[in-house]
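Notes follow once the structure below has been shown.
Along the sequence shown, residues are numbered consecutively beginning with 1.
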Amino acid sequence: MPNGGWSYRPYAAQRRADAREPRPKPGKIAQNPRLRDFLQDHVTWRWSPEQICHALRTRFPDQPEMHVVHETTYQALYDQGRGGLRRQLNRALRTGRATELNSRPRRTLDWETPAERLSELLAA
């Protein structure tokens, strides 16, 4: 044995590492009702997770338990298995409006689509 009488055993090491870090651990949002209520209110007001996280850091500068990154907020909203925010709040996110408007910008502005204009030119 070149290492002074012992050898590395990867499977045993992995078992020890798994035992040290039990998963799933409870999320920060699920453990802190004040944080959860703040997030629920602001998502209902249609704030983005980035805006919410900035507001948390501004409003609670000396309370790190009230600070989360926007990825944590997204995870709480979309990964319901972690138990963070209510399922109804997903509807409050600003996801569909921009897509809806972008799919019909010419109609909104009373412009012709290229296909409509081409058919007019070919018919004339």
Side-chain angles (χ1 to χ4, degrees):
M1 292 190 187
N3 292 336
W6 66 274
S7 63
Y8 179 68
R9 299 185 336 185
Y11 293 108
Q14 185 63 48
R15 276 195 306 274
R16 285 192 304 275
D18 291 342
R20 273 187 241 119
E21 191 66 34
R23 296 282 183 200
K25 66 180 187 179
K28 187 173 189 177
I29 295 171
Q31 289 179 335
N32 188 340
R34 196 164 143 222
L35 174 62
R36 185 177 55 245
D37 292 342
F38 186 92
L39 289 170
Q40 285 177 349
D41 290 342
H42 286 75
V43 168
T44 305
W45 297 337
R46 303 184 64 79
W47 283 32
S48 71
E50 289 86 358
Q51 291 170 319
I52 294 169
C53 296
H54 180 71
L56 281 167
R57 290 185 182 275
T58 303
R59 190 167 298 168
F60 307 104
D62 298 330
Q63 299 176 23
E65 67 275 3
M66 291 295 287
H67 298 177
V68 293
V69 294
H70 65 277
E71 290 93 352
T72 304
T73 307
Y74 279 114
Q75 186 178 38
L77 290 169
Y78 291 112
D79 187 10
Q80 292 299 318
R82 304 260 314 171
L85 300 175
R86 295 188 319 240
R87 196 174 300 269
Q88 297 91 330
L89 294 177
N90 285 336
R91 285 186 239 132
L93 285 178
R94 296 180 289 169
T95 55
R97 184 71 177 149
T99 305
E100 177 186 334
L101 289 176
N102 287 333
S103 66
R104 55 181 178 83
R106 291 178 183 90
R107 298 269 184 238
T108 304
L109 299 172
D110 294 327
W111 291 350
E112 296 180 39
T113 65
E116 291 170 345
R117 183 71 180 137
L118 179 63
S119 64
E120 284 180 14
L121 290 173
L122 292 177

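Separation of atoms CZ (Phe38) and CG (Asn32) is listed at 11.5 Å; rounding is to 0.5 Å. Leu39 CG to Ile29 CD1: the interatomic distance, rounded to the nearest 0.5 Å, is 5.0 Å. One distance of note links NZ of Lys28 with CD of Glu65; it measures 7.5 Å at 0.5 Å rounding. For the atom pair Arg16 CZ and Glu21 CD, the distance stands at 15.5 Å (nearest 0.5 Å).
No side-chain heavy atom of Tyr11 sits under 4.5 Å from any side-chain heavy atom of Gln14. At a threshold of 4.5 Å between non-hydrogen side-chain atoms, the residues Asp37 and Gln40 count as touching.
Not counting sequence neighbours, the partners of Gln63 by the side chain to side chain donor-acceptor pair (under 3.5 Å) test are Arg34. Annotation: side chain to side chain donor-acceptor pair (under 3.5 Å) contacts of Arg57 (sequence neighbours excluded): His67.
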Asp41/Trp47 under side-chain contact (heavy atoms from CB on, under 4.5 Å): CA gap, chis, key distance, verdict: CA-CA 9 Å; Asp41 290 342; Trp47 283 32; over 6 Å; no
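Cys53 and Val68 get closest at one heavy-atom pair: SG-O, 3.2 Å. The minimum heavy-atom distance linking Ile52 with His42 is given by the pair CG1-CB, 3.6 Å.
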